[in-house]
**Q** 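Please read through the structure below; I'll follow up with questions.
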2 protein chains.
Amino acid sequence: MAVKKAHSSCLDTVKPVRDALDVLNGKWKLPIIISIGVGNDRFTDIQESIPGISPKVLAKELKELEQHQLINRIITEGYPVKVSYHTTKHSETLWPIIYALKDWGLHHRKKIFNQA
Amino acid sequence: MAVKKAHSSCLDTVKPVRDALDVLNGKWKLPIIISIGVGNDRFTDIQESIPGISPKVLAKELKELEQHQLINRIITEGYPVKVSYHTTKHSETLWPIIYALKDWGLHHRKKIFNQA
DNA sequence: TATAGTACTTTCCCAAAGGAAAGTGTTATA
DNA sequence: TATAACACTTTCCTTTGGGAAAGTACTATA
């Protein structure tokens, strides 16, 4: 009988990576965290700082980020009710990921460009 | 007239991050890179090492990773034709991202668990 | 009175992601 | 002869992501 060679296990790495990807999925979560983190705290400011995002998508993503405790939504009562968004302490732990992606994005673009 | 305050720009970070996310999108690309990187070079081994991935999805993702020059597909002629997959030099630059995601996944799970 | 700003919501629609299950063609082994 | 491995492909179907455009409710300002 053909001997079946066992595959190498990589679950120690794959499982936590998938946990992270489940929370950060889609094109918009990290860009929104970056935008709020950099000081944009109003809905419209966030929208304008991220090219291509629609208000529907932004509203949905903000809700999910709040559920994952990565941002806070703060309502200030007043004549015009104001809503502002802020990153949580927990979201600060995302910056190593963001910087790693930024570096890689720059590196990858350079590589592709130099070949073309 | 109400004065419109300009939003803070974060494009320097958002754009390269989006470039990276465009290449690494979906749940499977990084787990596949991890699996191949750890030594699984056969289709079936990769499939078995990643819980939940179907052969259809794996085949599609492998093609995309090859196009992005993150893996090589090598065919060895013989009585049983063998196909094997290997990571490229370029894919090694992804490990900072993978480790950052792994650390964050572990951290996030611990945080959520401690609250429940 | 009219316009503009703020923070969304709603509707419609399309494309991509992805799960389930079965099938294919070849070769090797019991 | 029958089974099993290997590397997929094919079909079907559901879910999710996300774009476009318009609408809503409120307030402030010209």
Side-chain angles (χ1 to χ4, degrees), chain A residues 1-8 14 18 21-32 35-36 39-68 71-86, chain B residues 1-8 14 17-18 21-32 35-36 40-68 71-86:
Chain A
M1 174 173 69
V3 178
K4 181 72 174 66
K5 197 195 109 226
H7 64 264
S8 303
V14 165
R18 288 222 29 200
L21 292 175
D22 286 345
V23 175
L24 306 174
N25 59 31
K27 316 158 53 172
W28 304 113
K29 298 248 169 39
L30 288 173
I32 291 168
S35 177
I36 300 177
N40 295 306
D41 59 347
R42 312 299 309 279
F43 190 93
T44 310
D45 288 343
I46 300 167
Q47 196 190 329
E48 284 172 2
S49 71
I50 301 175
I53 197 166
S54 70
K56 184 188 82 166
V57 170
L58 179 54
K60 195 199 98 209
E61 301 281 278
L62 286 170
K63 272 176 204 147
E64 291 182 28
L65 289 171
E66 205 193 348
Q67 278 170 12
H68 288 303
I71 62 171
N72 291 131
R73 185 179 192 266
I74 294 171
I75 303 169
T76 309
E77 302 291 346
Y79 11 116
V81 173
K82 287 203 173 187
V83 181
S84 66
Y85 297 91
H86 303 273
Chain B
M1 171 171 73
V3 178
K4 181 70 176 67
K5 196 194 110 226
H7 64 264
S8 303
V14 165
V17 166
R18 288 221 30 198
L21 292 175
D22 286 345
V23 175
L24 306 174
N25 58 35
K27 318 159 50 174
W28 304 113
K29 298 247 168 42
L30 288 174
I32 291 168
S35 177
I36 300 177
N40 295 306
D41 60 348
R42 313 299 308 280
F43 190 92
T44 310
D45 287 344
I46 300 167
Q47 196 190 328
E48 285 173 3
S49 71
I50 302 174
I53 198 167
S54 71
K56 184 188 82 169
V57 170
L58 179 54
K60 195 198 98 212
E61 301 282 276
L62 286 170
K63 272 176 203 145
E64 291 182 29
L65 289 172
E66 204 192 349
Q67 278 169 12
H68 288 304
I71 62 171
N72 291 130
R73 184 178 192 269
I74 295 171
I75 303 169
T76 309
E77 302 292 347
Y79 14 113
V81 173
K82 287 202 174 188
V83 180
S84 66
Y85 297 92
H86 303 273

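Because only heavy atoms are used, hydrogens play no part in the values below, and waters and symmetry mates are left out as well, while side chains stay in. Every chain is numbered from 1, with letters handed out A, B, ... down the list of sequences.
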**Q** Report yes if the side chains of B:Trp28 and B:Leu58 come closer than 4.5 Å at any heavy-atom pair, otherwise no.
**A** no
**Q** Please report the shortest heavy-atom distance between B:Pro31 and A:Arg18, naming the atom on each side.
**A** CG-CG, 3.9 Å
**Q** B:Ser8: what forms a side-chain hydrogen bond (donor to acceptor under 3.5 Å, both in side chains) with it, not counting sequence neighbours?
**A**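 B:Ser8 satisfies side-chain hydrogen bond (donor to acceptor under 3.5 Å, both in side chains) with no residue once adjacent residues are dropped.
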**Q** Using atom CD of A:Glu64 as one end and atom P of C:dC8 as the other, report the distance to the nearest whole Å.
**A**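 Atom CD in A:Glu64 sits about 15 Å away from atom P in C:dC8.
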**Q** Rounded to the nearest angstrom, tell me the gap between atom CD1 in A:Ile50 and atom C1' in D:dG19.
**A** 16 Å
**Q** Who passes side chain to side chain contact (heavy atoms under 4.5 Å, CB included) against B:Pro55, sequence neighbours left out?
**A** B:Phe43, B:Gln47
**Q** Quick one: list whatever passes side chain to side chain contact (heavy atoms under 4.5 Å, CB included) with B:Lys82, sequence neighbours left out.
**A**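 So B:Lys82 forms a side chain to side chain contact (heavy atoms under 4.5 Å, CB included) with B:Arg42, B:Thr76.
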**Q** Sort and list the pairs that fulfil side-chain hydrogen bond (donor to acceptor under 3.5 Å, both in side chains) and have at least one residue in residues 49-65 of chain B, not counting sequence neighbours.
**A** B:Lys29-B:Glu64, B:Ser35-B:Ser49
**Q** Whole Å only: how far is the CG atom of A:Leu21 from the P atom of D:dG17?
**A** 14 Å
**Q** Going by number, which of residues 22-31 of chain A have a non-hydrogen atom under 4.0 Å from DNA chain C?
**A**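 Nothing qualifies; none.
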**Q** Could you check how far CG of B:Leu58 sits from C1' of C:dA20, rounded to whole Å?
**A** 16 Å
**Q** Starting at CD1 of A:Ile75 and ending at P of D:dC26, how long is that distance when rounded to a whole Å?
**A** 16 Å
**Q** Can you name the residues that form a salt bridge (charged side-chain N to carboxylate O under 4.0 Å, His left out) with B:Lys27, not counting sequence neighbours?
**A** none
**Q** Mind checking the OH-CG spacing from B:Tyr85 to B:Asn40? Nearest 0.5 Å is all I need.
**A** 13.0 Å
**Q** NE2 of A:His7 versus C1' of D:dC6: gap in Å, rounded?
**A**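 The answer, rounded to whole Å, is 16 Å.
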**Q** What's touching nucleotides 8-13 of chain D from the protein side, N or O pairs under 3.5 Å?
**A**
residue, atom, partner, partner atom, Å
D:dC8, OP1, B:Arg73, NH2, 2.1
D:dC8, OP2, B:Tyr85, OH, 2.6

